[in-house]
Amino acid sequence: MILQDLHSHSNWSDGENTIEEMVTAAIDIRLKRFAITDHVWRNSPWVWDYLKECRRIKEKYRDKIEVLCGFEAKCLDINGSIDILDEVAKEADMVLGAIHRIPKGGGNFFTRREIYREPTQAFNFWFESTLNMLSNSLVTTVAHVTAALNKYDLNVFLTEKYAKKLVKQFGKTGKEIEINLRYSDPLPIVLRFMNKMTKYHIGSDAHSTKEFLAAWENQLNRVK
Ligand SMILES: [Zn+2]
Ligand SMILES: [Zn+2]
């Protein structure tokens with residue numbers, strides 16, 4: 001298994017460090033592949049400059065590490081559309097789709113109050129959006145796949161039936177499950193249905209070199 005981390009942020013979005021600082025931290029702990037996946041919106045004006053800078057760093061360190069220049073884009077609706085322009089997504093090395101708030105469509109999201117009032121409906125929207133994001137050809141994979149359930153106290157709705165379906169959808173679409181170190185995601189019930197055919201990778205989701213090193217130190221201690 002290749003030592004890699006396919007989810008991280010730099011100061012191009014809400015991270016603290018530059019792309020170069022993040023990449024050199026990854027080289028220091030001997031990762032072989034590392035993705036910068038800054039948060040993006042369809043109207044983010046900086047995307048091309050970001051890709052240019054990321055590619056400069058990718059080239060500079062190519063003998064030491066494979067850098068992937070990517071994005072994390074939020075899910076916009078139940079069809080699994082994400083908040084990135086097609087032409088930008090196609091230029092990137094990878095695109096993470098993510099649910100931070102559960103989409104209702106039309107640019108709207110469930111409020112916390114609405115979720116507490118109608119948890120079943122919110123869960124169903126979460127589930128459909130997630131499955132459809134996995135089918136979206138622009139999406140490399142879905143980040144922290146069950147973190148929104150945890151955030152909105154919807155874990156109990158992810159029964160065996162749904163967890164099984166979710167893992168199956170990853171397999172069917174050929175996408176890898178992200179083991180997200182920031183949120184300790186996915187939930188154990190998802191891990192339980194993963195088998196030796198299930199593909200996965202680690203994403204620290206680190207927003208600084210400090211967070212990155214702490215997350216990986218933890219991880220490496222666990223396997224020692
Ligand atoms: Zn995220
Ligand atoms: Zn992230």
Side-chain angles (χ1 to χ4, degrees), residues 4-19 21-23 25-26 31 33-44 46-47 50-51 53-54 57 67-77 80-84 88-89 92-103 109-110 112 115 122 125-127 129-134 136 138-155 158 166 170 175-187 190 200-216 218-219:
Q4 59 179 354
D5 180 340
L6 299 186
H7 188 159
S8 76
H9 298 276
S10 78
N11 59 3
W12 282 83
S13 64
D14 59 351
E16 284 171 28
N17 292 92
T18 62
I19 294 174
E21 286 164 348
M22 293 301 284
V23 167
L31 295 194
R33 191 187 285 148
F34 184 65
I36 301 276
T37 53
D38 273 303
H39 297 284
V40 70
W41 295 266
R42 283 181 182 169
N43 57 5
S44 298
W46 46 266
V47 287
Y50 161 82
L51 281 175
E53 169 63 6
C54 188
I57 300 301
V67 174
L68 302 181
C69 301
F71 294 99
E72 176 177 6
K74 69 175 177 295
C75 185
L76 293 172
D77 54 44
S81 316
I82 55 168
D83 202 355
I84 187 171
V88 176
D93 296 328
M94 70 178 294
V95 176
L96 298 172
I99 294 186
H100 296 118
R101 290 185 298 155
I102 301 173
F109 297 86
F110 281 89
R112 198 169 272 275
I115 293 171
F125 270 73
W126 170 83
F127 191 67
S129 308
T130 302
L131 292 193
N132 288 332
M133 249 198 306
L134 284 166
N136 183 338
L138 296 178
V139 173
T140 309
T141 197
V142 169
H144 47 69
V145 63
T146 53
L149 297 181
N150 220 358
K151 176 176 172 187
Y152 295 115
D153 295 324
L154 295 171
N155 290 359
L158 192 71
L166 184 62
F170 274 96
K175 292 176 183 175
E176 298 181 358
I177 295 182
E178 177 187 274
I179 309 295
N180 186 293
L181 304 184
R182 186 180 174 87
Y183 297 106
S184 300
D185 188 83
L187 292 168
V190 174
Y200 63 92
H201 63 252
I202 283 175
S204 64
D205 207 349
H207 285 61
S208 65
T209 52
K210 200 176 149 196
E211 246 181 60
F212 167 79
L213 293 170
W216 273 93
N218 240 330
Q219 199 56 26

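All ligand and atom numbering here is 1-based and tracks the order in the structure.
Applying the salt bridge (charged side-chain N to carboxylate O under 4.0 Å, His left out) criterion to D77, with sequence neighbours excluded, gives no partner residue.
A donor-acceptor pair is defined here as one N or O able to donate and one able to accept, closer than 3.5 Å; such a pair exists between the side chain of K175 and the backbone of V139.
Residue D38 is tested with S44, S8, S13 for a side chain to side chain donor-acceptor pair (under 3.5 Å); the sole match is S13.
Checked by atom type, the side-chain pair H7/E178 shows a donor-acceptor distance below 3.5 Å.
Taking the six-membered ring for Trp and thresholds of 30 and 60 degrees, W46 and Y50 have ring planes more than 60 degrees apart, a perpendicular arrangement.
Here R182 pairs with E211 in a salt bridge; the nearest charged N to carboxylate O distance falls below 4.0 Å.
Less than 2.8 Å away from the Zn ion (ligand 2), the protein contributes these N/O/S atoms: H7 NE2, H9 NE2, E72 OE1, D205 OD1.
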